[in-house]
Amino acid sequence: MTNEELRESLLMAPKNGYTRINAQQRAEMESYCKAYMAFMDACKTEREATAWAVAEAEKLGFKALQEGMSVKPGDKIYLNNRGKSIMLAVIGTESLASGINICAAHVDSPRMDLKPNPLYEDSEIAYFKTHYYGGIKKYQWPTVELALHGVVCKKDGTTVTVNIGEDAGDPVLMVSDLLIHLSADQMQKTAAKVIEGEQLNVILGTEPLEGEGSDLVKLHIMKLLNEKYGMVEEDFLSAELNVVPAAKCREVGLDRSLISAYGHDDRVCAYAELVALFGLENPRKTAMCILADKEEIGSVGVSGMQSEAFEYFVETLCDAQNVKLKDCLAASFCLSADVSNAFDPNFAETCDRRNNSRLNYGISICKYTGSRGKGGASDASAEVMRHIRKTFDDAGVIWQIATLGKVDQGGGGTVAAYMANRNIDTVDAGVPVLSMHAPLELVSKLDCYETMLACKAIYLA
Ligand code: MN
Ligand code: MN
């Protein structure tokens, strides 16, 4: 054998995904990404993504879970967990005793949440106080056009949906930064301190109401909110209002190969697994799609992946087939569909480039996440890695292997550990992202599309 022949038969030779797709796949990729971009513009919070999923699911015949309902092959069932997270299942021809093929992504993203008592006036400028949610570089958020999304639950029992900054005619909100001319001290600070948490105050307005009195700018803002939403200041105490970038999803690059958006992490995987599930009819095993909340702050709380809402859903399905929950979970498989860091040559020193995902090389499989000696990781076994390699290859999915940065450089986690704790074989895989957790993130169209194909392959495995 020549060395060339040996090289071909023995060594890995990853190829850019664009060399591996045909014209038809390319057209499908473009139309998939167009629909994805519309989804991203419509859904910037977990509540909006959940509501979108419920509406689409019902159009396709999914029924809300009910105690005592029959669970037969081909049935489509979902559980809306308090409007903030959703689990959907297409029941397989095999019994639930043979397990569920699960794809689990999250639909919350880093942002700024309003504090419970947010509205104040300082120097005749009205502001909202915020508390950032998830891991952000705080200095990235000033001078970005911002929108306000969320709900206000009033004492009379009504809930008002708030959305300011998305319609073309809407105003936007903004956090200010210090002018460079006076930044001698600021420029000496570390990036963690350049903008501090208590400086992430969102500007709401500057025009005082006519007449006498104090805080007339604040009063003006409260009057506008009252006119639009019928709310009073005390209603902020029972509200969830999120400040997110107002920007729309855009194609990026002269070749339009990338997409910028707020919150690709992790709605890019959430959309992929949802679309893949919606295309299923009569899978062999039951397929389940999970859109979780609170991943960015540790998967905690009633709508996070550690919540027993998952057991409630699966056990209710199992009861209908006289299957024990523990038997179903032990036979299940979970793709923890979450984004990875795409290799960025601008910051090459932070990664091991031999083990890092790259743009346009397809969905990236992460055997383990965690940090410092794999701490906190769900380290997928060799057997699980074989299963996913084979599943993706058999389905013609373009995929790559990934780790999250250099050893001891940092790290991260996903819902994988919480699924694995339930005795479910689990592995992380998802779309590589540039500028993860920045107000706008970048992904490649090809990787988005391959991730949808990957989720489909998992459901059908
Ligand atoms: Mn994520
Ligand atoms: Mn994240």
Side-chain angles (χ1 to χ4, degrees), residues 36 39-40 43-46 48-50 84-86 102-113 131-138 140-141 242 244-245 259-274 289-301 303-307 334-342 344 350-351 356-357 363-371 376-378 380 402-405 409-420 426-444 447-448 451-452 454-455:
Y36 169 59
F39 164 80
M40 289 300 274
C43 303
K44 290 191 175 180
T45 65
E46 63 278 3
E48 289 165 355
T50 299
K84 301 184 66 163
S85 148
I86 183 170
I102 303 168
C103 291
H106 66 94
V107 284
D108 59 318
S109 299
R111 64 186 179 222
M112 296 179 287
D113 287 344
H131 194 145
Y132 65 93
Y133 171 93
I136 63 168
K137 291 180 171 179
K138 294 185 278 288
Q140 291 177 329
W141 292 72
N242 318 124
V244 297
I259 303 171
S260 88
Y262 161 65
H264 284 307
D265 176 10
D266 186 30
R267 292 197 294 282
V268 68
C269 296
Y271 183 77
E273 55 176 51
L274 200 51
C289 165
I290 301 177
L291 310 189
D293 182 26
K294 294 285 181 281
E295 191 278 341
E296 295 294 357
I297 59 168
S299 297
V300 290
S303 52
M305 205 62 249
Q306 298 192 64
S307 162
C334 178
L335 183 81
S336 163
D338 205 344
V339 299
S340 62
N341 68 311
D344 186 339
T350 61
C351 297
N356 209 94
S357 62
I363 182 171
S364 74
I365 305 173
C366 225
K367 184 176 184 298
Y368 52 87
T369 56
S371 57
S378 164
T403 58
L404 187 63
Q409 182 68 38
T414 63
V415 302
Y418 309 111
M419 299 308 284
T426 302
V427 61
D428 277 299
V431 176
V433 177
L434 286 177
S435 315
M436 196 194 297
H437 284 205
L440 295 178
E441 304 172 318
L442 287 175
V443 295
S444 102
D447 300 331
C448 294
T451 297
M452 186 275 288
C455 292

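One-based numbering, in listed order, for ligands and for the atoms of each.
Less than 2.8 Å away from the Mn ion (ligand 2), the protein contributes these N/O/S atoms: Asp265 OD2, Glu296 OE1, Glu296 OE2, His437 NE2.
Sorted by first and then second residue, the salt bridge (charged side-chain N to carboxylate O under 4.0 Å, His left out) pairs involving residues 432-444 (not counting sequence neighbours) form an empty list.
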side-chain hydrogen bond (donor to acceptor under 3.5 Å, both in side chains) evaluation trace for Asn242 with Thr45: CA-CA 8 Å; Asn242 318 124; Thr45 65; 4.7 Å; no
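Partners of Glu295 according to the salt bridge (charged side-chain N to carboxylate O under 4.0 Å, His left out) rule, which considers only residues two or more places apart in sequence or in another chain, do not exist here. Considering only residues two or more places apart in sequence or on other chains, Tyr133 meets the ring-ring contact (aromatic ring centres under 6.0 Å, His included) condition with none of them.
When only modelled atom types and interatomic distance are considered, Ser303 and Asp293 share a side-chain donor-acceptor pair under 3.5 Å.
Considering Arg267, His437, Glu296 as possible partners of Ser109, the one that fulfils the side-chain hydrogen bond (donor to acceptor under 3.5 Å, both in side chains) test is Arg267.
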